[in-house]
Amino acid sequence: MAADAKLAVEGGTPVRTAPFPAREPFGPEDLEQLRQVLDQQTAFFPSGAKVYEFERRFRELYGIGYATASTSGTAAIHVALGALDLEPGDEVITTPLSDMGTVAPIVQCNCVPIFADVGLGTQILEPESIRERITERTRAIIIVHCWGQAADMDAIMAIAREHDLFVIEDCSQSHLTRWRGRLTGTIGDLGAFSLQDSKHLQCGDGGVTITDDDDLGARAAVYVDKGCDWTEDRQYRLRYAFIAPCYRMTELQGAILCSQLERLEWIVGTRMRLGDRLVELLADIPGVHPPERIEGAEHAYWHFPIRADAEVLGISRDEFGEAVRAEGIPLGGGWIGKPLYMFDALLHRIAYGSSDYPWDAGRDEPVSYYEGLCPQAERSLRELCVLTLNERWTERDVEDCAEAIGKVARACAARA
Ligand SMILES: Cc1ncc(COP(=O)(O)O)c(C=O)c1O
């Protein structure tokens, strides 16, 4: 549809009136997989075939020794941290730009989340900021490949090895995404994935933790089921080796994942192609910043983040989003809205009753968080708009997005 230059929000013709394609993740293959679960007369993973099959195929896909399925991405990170067996009060450095599922397990393992800052244009942890936050209590780093772009794992692994730190890669948004040819999740000590509804590979809710380390792999497999051990010939041995949560995946989730795995390469490949094209199309638009690309990193575009610079555009991020939406483009605002440490649970250390534990474990003063702790994370959240593109979009869809964003941005910048 031809658009006139008058903005739709001011009564002009919108760039687009047709709706954008929604995800359609399920088909007859999923139904067939689910039928097989019912046929086997059990949805309990140790007695069935599907979760084992999913774990085996995920290990093969990632070329790695161990994959432990669980109930969510949060659980997968908890399992990864549980495998590390950290001490109360140990510090884990991570990002303030993520789902709370990255951070809650740190506290549940009695450890203290320490937030480093991100790159303004990437929203991914900056290696130098990680380095600055290391103390004698630091034991691990959880790196999030934010939005689906791989972090600079060479720099992060160099820092980790120098300071003898474990690295967990939170790959919830970066399924099948490579850093210099290596899959994210296989570079650090452990990788953890959310398989929740919005993710590239999904089963409604689920998670998986991977590692190539024999000890970590064995401990993860036991940690996921309250210390019970099913690992040898599926024989249940009631070890209760240590206290741990119960995050067993059911066969229903495993079955869906077996069929969804068939689509994963296509989903990730399509998003990479569309997202990279949109980065090109948005390159020279004033006041609009598509994701800054890291050399050597693939980007799987779980979502497509755009920063709107209010100074150049002369309007706020919210006003910009509203004007683009009026053009028929589903541009959302803000993602989590504020850095994780500004939410009450972390700001006021709300975890175990009225205590400050674990933030005060072995310290005179508890670790605290405050506005200004990670300025680039705070600024990027103020500026962020998010496009939830998906694998059913076409090149035409991203062209319409670019046209509408360009139309609004140029008109606003000219008046600013
Ligand atoms: C980067 C990241 N980590 C962790 C999680 C938590 O995953 P779940 O909701 O499956 O527990 C999410 C969920 O969106 C995420 O995006």
Side-chain angles (χ1 to χ4, degrees), residues 23 25 54 58 67-82 92-109 113 115-116 118-119 122-125 140-151 153 156 167-177 179 184-185 188 190-210 224 245-250 253-254 256-257 260 268 271 291 297 299-305 332 334-341 343 345-346 377 380-381 384 386 388-390:
R23 279 194 105 180
F54 164 66
F58 205 78
T68 302
S70 59
T71 49
S72 69
T74 310
I77 291 165
H78 196 171
V79 168
L81 281 163
V92 178
I93 296 177
T94 194
T95 172
L97 294 195
S98 188
D99 183 270
M100 193 59 98
T102 305
V103 172
I106 301 173
V107 176
Q108 288 170 305
C109 284
F115 294 99
V118 301
T122 62
Q123 291 96 50
I124 295 176
L125 277 179
I141 300 165
I142 302 182
I143 179 85
V144 174
H145 302 291
C146 195
W147 303 116
Q149 179 163 216
M153 288 306 292
I156 287 158
V167 174
I168 296 172
E169 293 178 75
D170 179 346
C171 306
S172 296
Q173 302 174 2
S174 69
H175 296 188
L176 227 45
T177 307
W179 163 253
T184 53
L190 295 130
F193 299 71
S194 166
L195 307 173
Q196 173 268 344
D197 183 72
S198 70
K199 305 305 182 327
H200 303 79
L201 176 67
Q202 62 93 20
C203 59
D205 262 320
V208 62
T209 307
I210 62 173
V224 79
C246 181
Y247 289 144
R248 290 188 303 255
M249 179 181 275
T250 74
Q253 293 154 296
I256 297 277
L257 290 168
Q260 292 292 314
V268 172
R271 287 178 180 226
H299 197 320
Y301 301 98
W302 170 61
H303 293 334
F304 191 101
W335 190 25
I336 54 173
K338 52 188 176 182
L340 289 174
Y341 56 77
F343 285 85
L346 289 166
S380 64
L381 280 173
L384 269 175
V386 179
T388 47
L389 60 72
N390 71 58

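Both ligands and their constituent atoms are indexed starting at 1 by order of listing.
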Requested in this report: Could you tell me which residues satisfy side chain to side chain contact (heavy atoms under 4.5 Å, CB included) with Q253, sequence neighbours excluded, listed by chain and number?
Outcome: C203, M249, T250
Query raised in the report: Roughly how far apart are D197 CG and K199 NZ, rounded to 0.5 Å?
Result: 8.5 Å
Query - Min side-chain heavy-atom separation V144-I124 under 4.5 Å - result: no
Report summary line: Partner of H175 under ring-ring contact (aromatic ring centres under 6.0 Å, His included), picked from F193, W302, Y301, is F193
Give one line per pair: atom of ligand 1, protein atom, distance. Only N/O to N/O under 3.5 Å.
residue: ligand 1; atom: 3 (N); partner: T102; partner atom: OG1; Å: 3.2
residue: ligand 1; atom: 3 (N); partner: D170; partner atom: OD1; Å: 3.4
residue: ligand 1; atom: 3 (N); partner: D170; partner atom: OD2; Å: 2.7
residue: ligand 1; atom: 3 (N); partner: S172; partner atom: OG; Å: 3.4
residue: ligand 1; atom: 7 (O); partner: S194; partner atom: OG; Å: 3.4
residue: ligand 1; atom: 10 (O); partner: G73; partner atom: N; Å: 2.8
residue: ligand 1; atom: 10 (O); partner: S194; partner atom: OG; Å: 2.7
residue: ligand 1; atom: 11 (O); partner: G73; partner atom: N; Å: 3.3
residue: ligand 1; atom: 11 (O); partner: T74; partner atom: N; Å: 2.9
residue: ligand 1; atom: 11 (O); partner: T74; partner atom: OG1; Å: 2.5
residue: ligand 1; atom: 14 (O); partner: K199; partner atom: NZ; Å: 2.7
residue: ligand 1; atom: 16 (O); partner: Q173; partner atom: NE2; Å: 2.9

Query raised in the report: Where do V167 and M153 come nearest, in terms of heavy atoms and distance?
Result: CG1-CE, 4.2 Å
Report summary line: Scanning both residues in full, the closest heavy-atom pair of P96 with I336 reads O-CD1, 3.7 Å
